[in-house]
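The block underneath contains the structure these notes are about, expressed in structure tokens.
Count residues from 1 along the sequence.
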Amino acid sequence: PVVFYKDWVYLTMGQFASNSSSIIALDAKTGRQQWIFPSNGHMQIPAISDDILYVATGDYSEEGIIFALDPRTGQIRRKMNLGYGPPIHAPVIADGILYQNFFDVLVALGCCGSATSTP
């Protein structure tokens, strides 16, 4: 699955054998890669709200992390270490709250105004 936002497409690519994955940003009109954000853990599909791309990552041997990224550059705006293992599903944004389930816990973070694209 992919997320479409302001003429760009964001998708998650993973290499499960090496326990790594990346978020890739593509220009929807040209198909050209704009940036890539790599992770050493499992990564789920991102969610976007208020011009911030949220993505969770982690694995069974390290803590879970939620990154808030600039959707045009892939630069980290904020990094939240949560200590809960891998994300199980994509984050969901509702009523200004980002919900992300990690291995055995559900995290709710106040973060957002209006959700635009969540799976």
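The two residues Gly58 and Pro87 make their nearest non-hydrogen contact at N-CD, 3.6 Å. Closest non-hydrogen pair, Pro71 versus Arg77, comes out as CD-NH2, 4.4 Å. Among all heavy-atom pairs drawn from Thr12 and Ile45, the shortest one is OG1-CA, 3.5 Å. For the residue pair Leu26 and Gln33, the shortest heavy atom distance occurs at CD2-CA, 3.5 Å. Scanning all heavy atoms of the two residues, the minimum distance from Phe102 to Ile65 falls at CE2-N, 4.0 Å. Residues Met80 and Leu109 share a closest heavy-atom pair of SD-CD1, 3.8 Å.
Looking at Val107 and Asn101, their side chains never come closer than 4.5 Å, going by heavy atoms from C-beta outward. Looking only at side-chain heavy atoms (C-beta outward), Lys6 and Asp51 come within less than 4.5 Å of each other.
Atom CD1 of residue Ile66 and atom CD of residue Gln44 lie 11.5 Å apart, to the nearest 0.5 angstrom. Separating the CD atom in Gln75 from the CG atom in Leu53 is a distance of 12.5 Å, to the nearest 0.5 Å. Ile93 contributes atom CD1, which lies 5.0 Å from atom CG of Leu98 (distance to the nearest 0.5 angstrom). Here CG of Leu11 is found 7.5 Å from CD1 of Ile23. Values are rounded to the nearest 0.5 Å.
No more than 12 heavy atoms of other residues, nucleotides or ligands lie within 6.0 Å of CZ in Arg78, so this atom counts as exposed by the packing criterion.
Under a hydrophobic clustering in which Ile, Leu, Val, Met, Phe, Trp and Tyr are joined whenever their side-chain heavy atoms come within less than 4.5 Å, directly or via other members, Phe4 and Val2 fall into the same cluster. No chain of hydrophobic side-chain contacts below 4.5 Å, direct or via other Ile, Leu, Val, Met, Phe, Trp or Tyr residues, connects Phe67 to Ile97. Linking ILVMFWY side-chain heavy atoms closer than 4.5 Å, directly or via other members, places Tyr54 and Tyr99 in two distinct hydrophobic clusters.
Between Asp27 and Arg32 no salt bridge is recorded (no basic side-chain N to carboxylate O distance below 4.0 Å).
Note: Trp35 and Tyr10 have tilted aromatic rings, judged against thresholds of 30 and 60 degrees for the angle between ring planes.
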